[in-house]
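Only one structure is covered here, and it is reproduced in the block below.
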Amino acid sequence: MKAYFQEKQILAKINQGDEDTFLKMYNYYAPRLFKHACFRLGSREQAEDMAQQVFYKTWQYIINSEHKIDNLNAFLYKTLNNLIADYYRRPGNENISLDNPSNGLEEKLSVEPLYEEAIDQDLEKNKVRESLKQLTVDQQKLIIWRYFDDLSVSEIAKVSGKSFNAVYVGIHRSLKELKKVTNEVYEKI
């Protein structure tokens with residue numbers, strides 16, 4: 001209950017244009033948004049740019065609008081997903097592909113002494129990516145939002161524009177399908 005009131009107080013300050021609070025919020029959300037964008041785009045550089053755009057657009061919305069943000073987490077992810085969709089609509093940009101992961105293995109091998117663990121983790125990530133590719137785009141989004149980005153069902157409902165029940169059922173069905181597909185992927189490997 002205390003966390004809920006703190007979140008509301010922080011959101012009230014942000015809605016009033018408090019720059020210090022906005023910067024603190026940036027430090028908290030930037031790594032999460034970057035991770036989401038990197039997973040969806042497959043490019044670290046593009047993900048960094050996209051995450052920065054989210055905060056720029058959010059700040060512009062706050063200071064140039066009479067509308068207020070009621071759920072910051074959902075607002076940021078919805079903004080990011082809109083930017084990603086716009087990116088893929090532009091000519092010359094490929095559709096979302098999980099085939100080309102930007103895992104930075106070369107960097108890990110040169111920096112990290114436990115490179116065997118890094119290789120194992122990358123293999124696991126590739127198995128998950130391969131399994132996710134077998135799902136529909138909507139199923140992929142639900143799994144990513146819920147389990148990679150840790151969004152609540154109600155936040156996903158706000159981001160996606162679907163009802164709470166539709167999201168809840170969609171996540172359940174997507175997980176069921178993911179388990180089925182994962183077993184098939186592991187049999188191939």
Side-chain angles (χ1 to χ4, degrees), residues 22-23 25-62 69 71-112 115 117-153 155-162 167 170-171 174-175 177-178 181-182 185 189:
F22 187 81
L23 289 174
M25 179 271 309
Y26 170 86
N27 290 332
Y28 178 76
Y29 281 105
R32 294 166 181 232
L33 293 172
F34 168 75
K35 182 174 121 182
H36 177 83
C38 198
F39 189 82
R40 297 272 311 275
L41 296 167
S43 164
R44 293 182 62 84
E45 294 81 19
Q46 190 62 40
E48 287 173 1
D49 290 344
M50 201 76 64
Q52 291 296 323
Q53 287 180 36
V54 168
F55 290 103
Y56 175 75
K57 287 185 174 290
T58 301
W59 183 249
Q60 292 302 310
Y61 180 85
I62 289 168
I69 300 171
N71 184 322
L72 188 59
N73 200 26
F75 184 88
L76 292 171
Y77 277 97
K78 186 167 189 145
T79 304
L80 177 60
N81 285 310
N82 288 341
L83 288 170
I84 291 171
D86 290 345
Y87 171 79
Y88 283 114
R89 284 187 195 116
R90 282 184 243 141
N93 294 327
E94 304 169 357
N95 287 332
I96 296 173
S97 171
L98 297 173
D99 286 331
N100 187 13
S102 167
N103 58 20
L105 184 57
E106 297 85 16
E107 294 171 24
K108 289 180 184 176
L109 290 175
S110 65
V111 176
E112 218 175 281
Y115 62 88
E117 281 184 36
I119 292 171
D120 288 343
Q121 288 175 353
D122 287 334
L123 287 174
E124 287 301 314
K125 287 178 189 175
N126 288 337
K127 289 176 187 175
V128 170
R129 286 179 197 274
E130 187 65 31
S131 298
L132 279 172
K133 281 188 342 188
Q134 307 300 315
L135 302 178
T136 67
V137 173
D138 286 340
Q139 289 173 326
Q140 289 175 21
K141 286 179 183 178
L142 289 174
I143 297 290
I144 291 168
W145 285 333
R146 183 69 182 115
Y147 298 102
F148 289 83
D149 298 333
D150 292 324
L151 295 180
S152 69
V153 175
E155 288 172 329
I156 294 170
K158 282 190 176 202
V159 170
S160 67
K162 297 180 180 179
V167 170
I171 290 171
S174 299
L175 280 176
E177 184 65 21
L178 182 63
V181 168
T182 301
V185 168
I189 296 177

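Just so you know, these numbers come straight off a predicted model, no measurement behind them.
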Less than 4.5 Å apart, any side-chain heavy atom of [X] and any of [Y]?
X: Phe148; Y: Leu132; result: yes
X: Ile156; Y: Ile171; result: yes
X: Asn71; Y: Glu155; result: yes
X: Phe55; Y: Leu33; result: yes
X: Leu41; Y: Tyr88; result: yes
X: Arg40; Y: Lys141; result: yes
X: Tyr61; Y: Thr79; result: no
X: Met50; Y: Tyr87; result: yes

**Item:** All ring pair (Phe, Tyr, Trp, His ring centres under 6.0 Å) counterparts of Phe22, not counting sequence neighbours
**Value:**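 Partners of Phe22 by the ring pair (Phe, Tyr, Trp, His ring centres under 6.0 Å) criterion, ordered by chain and then number, come out as Trp59.
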
**Message:** Can you list everything that forms a ring pair (Phe, Tyr, Trp, His ring centres under 6.0 Å) with Tyr28? Sequence neighbours excluded, please.
**Reply:**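 Once residues adjacent in sequence are excluded, Tyr28 has no partner under the ring pair (Phe, Tyr, Trp, His ring centres under 6.0 Å) criterion.
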
Between atom [atom1] of [X] and atom [atom2] of [Y], what is the distance when rounded to the nearest 0.5 Å?
X: Asn81; Y: Ser160; atom1: CG; atom2: OG; value: 10.0 Å
X: Ile62; Y: Leu72; atom1: CD1; atom2: CG; value: 7.0 Å
X: Arg44; Y: Asp49; atom1: CZ; atom2: CG; value: 12.5 Å
X: Leu80; Y: Lys57; atom1: CG; atom2: NZ; value: 12.0 Å
X: Arg32; Y: Leu76; atom1: CZ; atom2: CG; value: 11.0 Å

**Asked** Excluding sequence neighbours, so at least two apart, what forms side chain to side chain donor-acceptor pair (under 3.5 Å) with Asp149?
**Response**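 Residues passing side chain to side chain donor-acceptor pair (under 3.5 Å) with Asp149: His36.
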
Taking only residues two or more places apart in sequence, or in another chain, which ones meet [X] in a side chain to side chain contact (heavy atoms under 4.5 Å, CB included)?
X: Tyr56; result: Gln60
X: Asp138; result: Thr136, Lys162
X: Gln52; result: Tyr26
X: Ala157; result: Val167

**Asked** Which residues satisfy the salt bridge (Lys or Arg N to Asp or Glu O under 4.0 Å) test with Lys158, sequence neighbours excluded?
**Response**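 Only Asp70 meet the salt bridge (Lys or Arg N to Asp or Glu O under 4.0 Å) criterion with Lys158.
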
Please name the pair of heavy atoms, one in [X] and one in [Y], separated by the smallest distance, quoted to 0.1 Å.
X: Cys38; Y: Ala47; value: N-CB, 3.4 Å
X: Ala37; Y: Ile84; value: CA-CD1, 4.3 Å
X: Ser131; Y: Val181; value: O-CG1, 3.4 Å

